[in-house]
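For ligands, and for the atoms within them, numbers begin at 1 and follow the listed sequence.
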Amino acid sequence: MMNTNQIIYGLAAAPGIAIGSALIFDPVAAVDVAVSASHTDEVDRLNAAITEVDAAIAALEATLRDVGKVEESEIFDAHRMLLGDPGLHDRAISLIVESGMGAAHAIGVAGEEQAIELLSLDDEYLSARAVDVRDVVGQVQRRLTGAHGLVERLLFPAVVIARDLGPSDLMSVPRERLLGFALAAGGLTAHSTILARALGIPAVIGLGEEVLHIAEHTLLALDGTAGSVQIDPPAEELARLRGAQADLNARTQALRADVGLPSVTRDGTQIALVANVATPVEARVAREWGAAGVGLLRTELLFLERPDLPDEAEQMALYAAVAAELPNTPITVRTLDVGGDKHLPAFPLPHEANPFLGWRGLRIGLSRPDILLPQLRALLRAGANADIRIMLPMVSTLDELRQARALLEQARAQLTAEGLAQSAYPQLGVMIEVPAAALNADALAREADFFSIGTNDLTQYTLACDRGNAKIANLYQPLDPAVLRLIAMTCEAAHRHGRHVAVCGELGGDPAATALLIGLGVDELSCGSSNLPLVRAAIRAAHSGECADLAQRALASASAADVRALLG
Ligand code: PEP
Ligand code: MG
């Protein structure tokens, strides 16, 4: 058992504080291995249970679709595919027939084999799918054994502790009873994590087996921002946490009240405040937080979670679904940005000595038109009914922009020849995330329709500092004057040619940097939805004259520390 006042740390998966008693949820604990008289009976029982679960998932999927929750409904569509997988079914049948297992036991073993195979692929996205397999298999087992699912267990408001949770668990329980959840396993890109963020459920994941040893009904304080779970906190700590929780709720409410206010400085300069998203659910949350569009739609998710490449229609459906969440606003979609540390199961990348300096981003797209061309076609087609803007990642040279534009023209000509509707005036922009692009921004600005500065990579490449390497994290400073000078050069070049400049890297969502970025000449800030209210407040508190002074002083600074001191 765990000690009073012990704190365990995991990964911060979804922000917020949850205080309540622990409910330990172990969906497979009660699997009944009793076997019927004949194998045929067990096979029939299994088939009947699978049919019932499939019908239940189909009903949930249809309900979600009816209320416009397209993204969530797609998760359950994927679940039905997993459930209908002949490999899973055949393996379970052979375990019943050849090894004499009961139906619940057999489907559990077959599912676990698949889950372990997915986990062994050493791919974050496929590993996350192991949870989905366990989720559907758990539902079949519960049908067979009468064991309880989360919805039957969660009869009072509680902080749920589990090894892992599937999306169906989250969607099946009343929101007010699920105060938060703490998982021994879990992934930051797992569906349950994405849903928790979208639904505002505080969550900490990756806590390790230790968390499963917490006694049921123990009082817990879960901090989804700090990534911690405190066990039976003392009274004064509890009071502090309740105060923080109340502050957070009050702040959220107050910021919600400002959602409709324009993102304009005190002296009337308009700054476009838009969101970074990857899914329609996130786009909906962005709308709720007052985003004026999407500044960066990362398209990788659609490619990463599957063994094959998504076709044009599927890609078009994603872009249209995101645009439908934020109608009549610009939706800036980045073409596929894999390579570096992001791999596609459908097309494994070769081993490279320096992958971040290698075959990544647009470099892959240009050498694999079979991947980039369908994406451009999908973007143009989605653009027939929405303001879709196309953005190219990892551009280093003007020649790359020209090659991409030639491919875009090819896509346009194809669609015209096929008589398919498409964007009337597609905008083609360039991400500025390689120092060469910033230094050559004048030439790029003559031919690009807009710029968006990816400060995450721009910092990494300017300071020659791997953004994911904790050993050199002290070097990784987006506020380094070297990075700021590249941002200033980019803005000056863009404005000389009448182009607008966005920042879509993490710096764009840092309210402490908002005034500085405005002073450097940035026209648009794009960030995760949770940062939108604070950035909006920072824009509204700023004055463009003061911002310009601040920028001049920052550009004249000698170090990131000096710049931080200026920002206060
Ligand atoms: C960036 O590099 O700043 C950026 C927005 O792209 P990503 O973080 O996806 O590389
Ligand atoms: Mg980048």
Closer than 4.0 Å to some heavy atom of [X] - which atoms of ligand 1 meet that?
X	result
Gly454	1 (C), 2 (O), 3 (O)
Leu296	5 (C)
Gly505	3 (O), 5 (C)

Would you mind listing every side-chain hydrogen bond (donor to acceptor under 3.5 Å, both in side chains) that reaches into residues 364-377, with sequence neighbours excluded?
Thr299-Gln375, Glu312-Arg377, Tyr319-Gln375, Trp359-Ser367, Arg368-Asp370, Arg377-Gln414, Arg377-Glu418

For ligand 1, which is the ligand I care about here, please tell me if Arg360 has any N or O atom under 3.5 Å from one of the ligand's N or O atoms.
no

Ligand 1 and Glu506, any nitrogen or oxygen pair closer than 3.5 angstrom?
no

Taking NZ, NE, NH1 and NH2 as the nitrogens, is one of them in Arg405 or Asp449 under 4.0 Å from a carboxylate oxygen of the other?
yes

Of the backbone atoms (N, CA, C, O) and the side-chain heavy atoms from C-beta on, which set of [X] has a member under 4.0 Å from an atom of ligand 1: side chain, backbone, both, or neither?
X	answer
Arg334	side chain
Leu458	neither
Met431	side chain

Side-chain donor-acceptor contact under 3.5 Å, Thr397 with Asp399:
no

Are Arg363 and Ser396 linked by a side-chain donor-acceptor pair shorter than 3.5 Å?
yes

Tell me whether the count of non-hydrogen atoms from other residues, nucleotides or ligands lying under 6.0 Å of CD in Gln270 goes above 12.
yes

Around the Mg ion (ligand 2), number of protein N/O/S atoms which are nearer than 2.8 Å
2

What residues form a side-chain hydrogen bond (donor to acceptor under 3.5 Å, both in side chains) with Ser228, not counting sequence neighbours?
none

Checking [X] side chain against [Y] main chain: does a donor-acceptor pair fall under 3.5 Å?
X	Y	result
Arg499	Ala445	yes
Gln427	Arg389	no
Asn354	Phe356	no

For Asp457, salt bridge (Lys or Arg N to Asp or Glu O under 4.0 Å) partners two or more places apart
Arg360, Arg467

If we only consider heavy atoms of Arg467, is any one of them less than 4.0 Å away from an atom in ligand 1?
yes

